[in-house]
Amino acid sequence: MVQPGKVGAHSERDDKAFWPPVVCDVKSSEDDCEDDLGNALDSILKIHCTHSEPDFHIPWQRHHQTTSTSSGFVIEIVTEGGEKKRRVMTNAHSVDYGSIIQVQRRGQSEKYQAKIEAQANECDLALLEVEDESFWEGLEPLEFGDLPLLQEEVEVLGYPTGGDSLSVTSGVVSRIEIQEYTQASSYLLAMQIDAAINSGNSGGPVVNEDKKVVGVAFEALEGAENIGYVVPVTVVQHFLQDIQRHGEYTGFCSFGISYSFLENASFRKSLGMKDGMSGVRIKSMEPTAASLNILQKNDVILEIDGISLGNDGKVPFRPGERVSMACYLQTKFNGDLVSVNLLRDGEILEDLRVPVSIQSRLVPTHFQNQPPPYIVVAGLVFTILSIPYLHAYHAWEDYISDKICYLLDYSEKPLEQSTDQVVVLAQVLAHPKNLGYDMLQDLHLKKINGKDVRSLQHFRQLLTECEDEYIRLEFAPNDNCVVLERTSLEQMTKDVCEEHFISKEYVLRSNVDTHIVDDENDS
């Protein structure tokens, strides 16, 4: 039988065992339990975002809002003027088309409004600014470390789904090589680790044993267990230095060439390569590349900045490691010169000073959080071909229409002029005077009254300048044609916009972001 006098003492002892006192030194208790991570844990943040993405087939509308949570961390940046500021780093996809972005500190309930200061879709990184000064009280920026070695232990810090508390998972570096970044279909150096990167971990720091940031978690390999990908610290620092140099993110550089490997001995011999020579052959040049008048088709690149190039297009990276030539060129900035030794028509040319540049895509991968441009003409809805447009039609799946297959081919074609776009008829909104055309969609607009259409802006200009009685629009594939009376276009357009509640007949943007970051056979 329990004596009444001892009940209170027994309960008090149990309370202390299972629940900490209300008044306690939180920091000292954390030091006991989390001494390894220290104050760095307070700089790991939870990102709340409400996304409002546009409908790329109905470009004046947006999809239903969605919400997501991800991770971020505090860093210190140096502005173009040399001023030091604290910012929150996370993934670009974590805040893509974010109408409301909020940041939450560890162990606190309050959420602070944030806005995007810089976004680099190619490397899937973004910087957030929080204007409320009270948010920054007691927060220390994390420091960056060196690129880890293979099999070096790292920790992934963040807020994955399945709970609200900070999560710490451990793993080792499995490999470091060029990989595709899904956010913008770009190819950059990436770090693979065997620690789990789950939904919500995106944007969280990956740290070494000294608790210094060696990368940023950004995606996991679908269908595999414990294979995660990290933006390595070298790419992160290039992103930050780009902003420091230019005041904004500009992109990653390349030669603007497509090349083939030279692993076949007969191929090398036919190009005049002697024993011991290695390199890659230039297949084609981008028309807008800064190197266009220096490098030529069929040149064999032997060395870049004194680094020998292998027949597989790779250069030495670290002992026992080789990476694509593109990874080296991506460490440069727009306009930087690279010393190139090459073989041309059997003659070795040494120390050619070749500029690198930021290449652009004919078919953009994103619109920098802006809605896609469009024009409504007599019920015909025109927009520009983009990777999101193709994704909306599941263009990379097994079964697609001939029209989407035709448009898909343009995703790999080079940009001939800096303002070029592929103008697409997305759909036709019915009107009594466009009957017979209402089933047309997903067609490439090639000509208007016999004149080539080079962009959406150019199309509108040709429409405005046209004085012919009829407007004749020619499309591909299948040579479809639309003919309308010019004098009726304005009223038809007004009628359709009123019926479908379209506030603007057109939205144009002359500076659509279309950066290219090359794969292993392009540089």
Does [X] reach the main-chain N or O of [Y] with its side chain, forming a donor-acceptor pair under 3.5 Å?
{"X": "S254", "Y": "G256", "answer": "yes"}
{"X": "N341", "Y": "E350", "answer": "no"}
{"X": "R87", "Y": "L127", "answer": "no"}
{"X": "D305", "Y": "S339", "answer": "yes"}
{"X": "Y249", "Y": "N121", "answer": "no"}
{"X": "H394", "Y": "I400", "answer": "no"}
{"X": "Q330", "Y": "Y187", "answer": "yes"}
{"X": "R105", "Y": "D42", "answer": "no"}
{"X": "R353", "Y": "L337", "answer": "no"}

Criterion side chain to side chain contact (heavy atoms under 4.5 Å, CB included) against S291, the qualifying member of V354, V338, V356: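 The side chain to side chain contact (heavy atoms under 4.5 Å, CB included) with S291 is passed solely by V354 among V354, V338, V356.
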Using side chain to side chain contact (heavy atoms under 4.5 Å, CB included) as the criterion, point out the one residue from D312, V300, L309 that pairs with L262. V300
Looking only at side-chain N and O atoms, does Q359 offer a donor or acceptor that is under 3.5 Å from a partner on S357? yes
Start with the C-alpha gap between F261 and N311, add the side-chain angles, then the distance that decides, and say whether side chain to side chain contact (heavy atoms under 4.5 Å, CB included) holds. CA-CA 6 Å; F261 301 149; N311 293 320; 5.9 Å; no
Can you list the steps and then say if F73 with L45 is a side chain to side chain contact (heavy atoms under 4.5 Å, CB included)? CA-CA 5 Å; F73 58 101; L45 311 167; 5.9 Å; no
For atom [atom1] of [X], decide whether the heavy atoms of other residues, nucleotides or ligands shown that lie under 6.0 angstrom number more than 12.
{"X": "E143", "atom1": "CD", "answer": "no"}
{"X": "D345", "atom1": "CG", "answer": "no"}
{"X": "Q244", "atom1": "CD", "answer": "yes"}
{"X": "D409", "atom1": "CG", "answer": "yes"}
{"X": "E153", "atom1": "CD", "answer": "no"}
{"X": "D146", "atom1": "CG", "answer": "no"}
{"X": "D210", "atom1": "CG", "answer": "yes"}

Going by the side-chain hydrogen bond (donor to acceptor under 3.5 Å, both in side chains) test, name the single residue among K111, K46, H48 that passes it with Q104.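 Answer after filtering K111, K46, H48: H48.
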Give the C-alpha distance, both sets of side-chain angles, the deciding distance and a yes or no for side chain to side chain donor-acceptor pair (under 3.5 Å) between N201 and S71. CA-CA 6 Å; N201 266 132; S71 306; 4.9 Å; no
Worked check of side chain to side chain contact (heavy atoms under 4.5 Å, CB included) between H391 and F56: CA-CA 10 Å; H391 270 304; F56 291 94; over 6 Å; no
Salt bridge or not for D420 and K413, using N-O below 4.0 Å?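 No.
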Could you check whether E129 pairs with K85 (Lys NZ or Arg NE/NH1/NH2 to Asp/Glu carboxylate O, under 4.0 Å)? no
Here the gap from I116 atom CD1 to Y97 atom OH, rounded to the nearest 0.5 Å, amounts to 11.0 Å
Begin with the C-alpha distance, continue with both residues' side-chain angles, and end with the deciding distance and a verdict on side chain to side chain donor-acceptor pair (under 3.5 Å) for T182 and E180. CA-CA 6 Å; T182 306; E180 182 180 9; 5.8 Å; no
Take L343 and I348 through the test side chain to side chain contact (heavy atoms under 4.5 Å, CB included) and record every step on the way to the result. CA-CA 4 Å; L343 182 69; I348 294 179; 3.9 Å; yes
Within 45° of the axis and under 6.0 Å from the centre of the six-membered ring of F333, does NZ or CZ of R245 qualify?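 Yes, a cation-pi geometry holds between R245 and F333.
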